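Atoms within a ligand are numbered from 1 in the order they appear, just like the ligands themselves. Bear in mind the structure is a predicted one, so any value in this text is a computation, not a measurement.
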Amino acid sequence: MSSDTLKRGDLKGIVDEACQVQDQAPEIQSLRPERLAEYIGQKEVVDTLKIAIEAALLRAEPLEHVIFHGPPGLGKTTLAHIISKEMNGRLTVTSGPALEKGGDLIGILTHLEDGDILFIDEIHRLPKTVEEFLYSAMEDFAVDFVFDKGIHARSHRYRLNRFTLVGATTRVGLLSAPLRDRFGLFRNLDFYRTDDLVQIIQRSADILEVTVDDEGARSLAERSRGTPRIVNRLLKRVRDYAQVRGDGRINKALVEAALALEGVDAEGLTRLDRRYLKTIIDYYHGGPVGIEAIAATLQEEADTLVDVVEPFLLKIGMVVRTSSGRKASEIAFRHLGYAVQKKIL
Ligand code: ADE
């Protein structure tokens with residue numbers, strides 16, 4: 001492997017250009033906080049990062065490797081961008097599925113400079129052969145190449161610059177122990193409190209130059225599944241609605257009308273959330289039922305249901321997971337207007 005002859009162009013398709021373009025698109029980037037001081041919510045995560053970053057800067061060392069886990073839309077990518085800004089390092093963005101071969105990762109690693117940040121999204125989806133190169137890269141800032149086979153095999157160690165790996169995953173349980181153990185900072189991102197989402201809405205509304213009253217902001221926050229990405233997406237839909245059907249200002253009635261059109265109900269459930277719950281109730285008598293059976297009935301990917309749909313429904317107690325499968329709870333029956341079945345009481 002002649003990694004030292006790799007050029008930037010060789011990284012096409014591996015360094016996630018689409019993702020970078022999307023992440024840096026002005027309208028998305030502009031709603032994202034760029035500094036820790038602007039970040040609302042996740043107080044413990046933010047405090048941990050503030051201390052670790054300040055200490056690393058004082059020692060003029062790179063930040064230790066960080067992993068964020070939790071459901072989509074809670075700020076894992078945003079925090080990677082913030083870390084690179086706070087540490088004054090360049091950010092390279094890629095993802096587990098984009099790195100198919102060891103050479104893909106090595107190409108990226110050998111281009112990193114001292115203090116750079118490498119962000120690997122969906123790190124649980126790294127192929128094993130690629131993951132194995134990360135161990136020495138993370139621990140010793142080196143990669144080992146093996147040339148030839150059998151008795152002719154020779155190993156060569158290639159030194160890397162001191163970088164920080166920021167990993168993100170929705171499935172922390174799928175990480176292997178050797179990878180997990182090499183992260184110095186290991187933080188979970190949980191769903192946001194309504195009060196934090198209200199503040200995020202007010203901040204985003206200021207940036208978008210739209211007026212939202214307190215009741216309107218609270219109503220939107222309560223319907224956003226505890227997720228900033230959803231808050232910001234729905235805020236834009238409500239803003240459109242306010243401009244076309246109202247006087248441009250956002251209040252509670254307007255939020256309710258606009259979100260009804262989006263298929264978002266009073267608990268923030270989407271059409272897919274309700275189809276998921278109704279499948280369990282209508283087809284499987286309220287459960288227990290396995291995720292593969294639900295996915296087959298819904299004609300959706302089981303991974304989408306596990307990563308995107310279930311975390312919030314579990315959090316608000318609409319679904320429970322048992323050793324024999326998923327069950328719809330009494331809260332779900334009532335929310336969807338079903339009579340509560342005896343057996344689940
Ligand atoms: N926009 C999206 N997430 C945010 C957060 N946590 N704080 C401030 N603005 C945000």
Side-chain angles (χ1 to χ4, degrees), residues 16 19-54 63 66-87 91 93 117 119 121-122 166-170 185-214 216-240 242 250 255 258-259 262 264 268 270 307-308 311-312 315:
D16 207 333
C19 172
Q20 257 176 338
V21 169
Q22 189 193 39
D23 281 344
Q24 289 167 9
E27 74 276 17
I28 296 175
Q29 188 77 342
S30 64
L31 292 186
R32 275 194 171 149
E34 294 197 346
R35 293 285 181 177
L36 279 177
E38 296 169 62
Y39 200 93
I40 298 161
Q42 309 287 348
K43 188 174 175 331
E44 284 178 12
V45 176
V46 170
D47 284 350
T48 304
L49 287 175
K50 273 186 186 154
I51 291 169
I53 289 171
E54 197 175 328
L63 181 70
V66 190
I67 186 148
F68 298 118
H69 61 99
L74 298 186
K76 299 187 287 294
T77 306
T78 302
L79 286 170
H81 282 269
I82 291 177
I83 288 172
S84 76
K85 265 252 156 66
E86 299 281 356
M87 292 298 299
L91 176 69
V93 177
I117 311 295
F119 176 56
D121 201 5
E122 296 187 79
V166 179
T169 178
T170 48
L185 296 153
F186 204 100
R187 302 306 299 208
N188 173 237
L189 297 186
D190 204 350
F191 291 106
Y192 287 60
R193 297 177 316 131
T194 302
D195 286 347
D196 293 332
L197 293 178
V198 168
Q199 278 191 53
I200 292 174
I201 291 167
Q202 298 292 13
R203 177 180 178 276
S204 298
D206 281 349
I207 296 169
L208 295 172
E209 298 181 3
V210 57
T211 313
V212 187
D213 71 15
D214 290 348
R218 184 149 295 272
S219 167
L220 181 55
E222 282 165 354
R223 288 166 169 77
S224 296
R225 300 173 105 257
T227 308
R229 183 185 292 160
I230 298 181
V231 146
N232 284 335
R233 188 178 68 76
L234 294 180
L235 176 62
K236 289 180 183 170
R237 298 290 66 74
V238 179
R239 175 180 65 158
D240 289 351
I250 298 174
V255 167
L259 295 195
E262 286 292 305
V264 172
T270 62
D307 289 345
V308 180
F312 185 69
K315 165 94 180 169

Quick check: are there more than 12 heavy atoms from other residues, nucleotides or ligands sitting under 6.0 Å from CD of Glu38? yes

Would you say Asn232 contacts ligand 1, with heavy atoms under 4.0 Å as the rule? yes

What atoms of ligand 1 come within less than 4.0 Å of a heavy atom belonging to Tyr192? 6 (N)

So which heavy atom in the protein is nearest atom 3 (N) of ligand 1, and how far is it from that ligand atom? Pro228 CB, 3.4 Å

Would you call Asp196 and Arg193 a salt bridge, taking side-chain N to carboxylate O under 4.0 Å as the test? yes

Tell me, do His69 and Thr170 make a side-chain contact under 4.5 Å, heavy atoms counted? no

Without swapping roles, check the side chain of Glu86 against the backbone of Arg35 for a donor-acceptor pair under 3.5 Å. no

Atom CZ of Phe68 and atom CG of Leu185: how far apart are they, to the nearest 0.5 Å? 8.0 Å

Do Phe119 and His81 make the cut of ring centroids closer than 6.0 angstrom? no

Quick look: Ile40 vs ligand 1, heavy-atom contacts under 4.0 Å, and the answer is both

If you measure from each heavy atom of Pro33 to ligand 1, is any distance below 4.0 Å? yes

Region of Gln42 engaging ligand 1 - heavy atom pairs below 4.0 Å: neither

In the protein, what heavy atom is nearest to atom 1 (N) of ligand 1, and what distance, to one decimal place, separates them? Leu31 O, 3.3 Å

Of all the non-hydrogen atoms in the protein, which one sits nearest to atom 9 (N) of ligand 1, and at what distance? Arg203 NH1, 3.3 Å

